[in-house]
Amino acid sequence: MFLYLLGLVVFYYLYRWFREIPRVPDKGDKYVYITGCDSGFGNLLARHLDELGFCVIASCFTEKGEEDLRKACSDRFTTLHLDVKKNESVDKAAALIKDKVGARGLWAVVNNAGVAIPSAPCDWLTIDDYKSMLDVNLNGVIAVTLSVLPLIKKARGRVVNVASVFGRISPVGGPYTVSKYGVEAFNDSLRRNMAPFGVKVLCIEPGFFKTTVTDSVVLGKSIKQLWEKMPQQVRDDYGPDYLDKVDVMMREKLAKMSDTDLMKVVSCMEHAISAVRPRTRYSPGWDAKLFWIPMSYMPTGFADWLLLKEAILPAKAVN
């Protein structure tokens, strides 16, 4: 019986692997719009797709990001400035893209731009802290998608949304997980809405990778700033040594948990864009596949116990 089940599993993965091999033709006629290309996944994806022959439109927040990509990529490559928080910037970018792609439409948009700070326990934060991140990670994704959706429908193309395993389970406080849950919901509703038009909507749910999002120095600095500005009563709840414990935990554990091979994520993005039969969801990273995603299906009480068991507790925690 065991061998029979093992054989079925092996057959399934072989069948899926074979089915997912074919790639779309005429890459040189297909335009791909990527947000957040200054660094990290977006930067690597832009370069990778350019090497594969796609017509890449890479948006960056900084002039340096644009300049570095132009120097490194082919004549097909286009860069533009984009601030996803500002509607006028999103609309201006969409107008430029419409002129660029013409009647063929836009093959794919990759919503990669995102931020990870401020992140902290919920009672450290204000509603403005939540708004600042949601404007980038969620509202920015929706705004960019809607701005080019008519062009995507014209090409019967793809929308690729970068969420996170933290869009499936919420082990930390703050707006990051809220924004990623929102991306998952938008992705699901858009996928069903666009299916009748032949548009595919795909979701990337990475685990921990070594990018600015998981940079312990950046996160530590942000947490320290939040600690210094919050009311004394809240600081007393957590205790004077709480900040030091969090800093040690991030420096020791975050570095070990973060995968340095960013191409694991980029390869999933590329497959979502170029495969004839892309997957609905991709979960790059062994921590995503073996820990976070399985935990998201566990009973809530068990998941809470497991996560709180490893958490740094405040000084006034109730025993």
Between [Y] and [X], is there a salt bridge with N-O shorter than 4.0 Å?
X    : Y    : result
K71  : E67  : yes
R281 : D188 : yes
K64  : D68  : yes
E184 : R168 : no

Report the distance from atom [atom1] of [X] to atom [atom2] of [Y], rounding to the nearest 0.5 Å.
X    : Y    : atom1 : atom2 : answer
N161 : N187 : CG    : CG    : 4.5 Å
T280 : R191 : OG1   : CZ    : 5.5 Å
L243 : K245 : CG    : NZ    : 11.5 Å
F208 : D259 : CZ    : CG    : 12.0 Å
E63  : D38  : CD    : CG    : 11.0 Å
E252 : D247 : CD    : CG    : 9.5 Å

Parallel, tilted or perpendicular: ring planes of W227 versus Y242, cut at 30 and 60 degrees: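 Parallel: the ring planes of W227 and Y242 meet at under 30°.
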F197 six-ring centre to K153 NZ/CZ under 6.0 Å and within 45° of normal: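 Geometry flag: set, cation within 6.0 Å and 45°.
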side-chain contact (heavy atoms from CB on, under 4.5 Å) assessment of M269 paired with H48: CA-CA 10 Å; M269 293 173 162; H48 183 56; over 6 Å; no
Near-ring test W107/Y33, centroid separation under 6.0 angstrom: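 Y33 vs W107: aromatic centres not under 6.0 Å.
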Expected output: side-chain K200 to main-chain P278 donor-acceptor under 3.5 Å: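 Answer holds: no.
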Same apolar cluster (I L V M F W Y, side chains within < 4.5 Å links), Y130/V172: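 Same cluster: Y130 reaches V172 through Ile, Leu, Val, Met, Phe, Trp or Tyr contacts under 4.5 Å.
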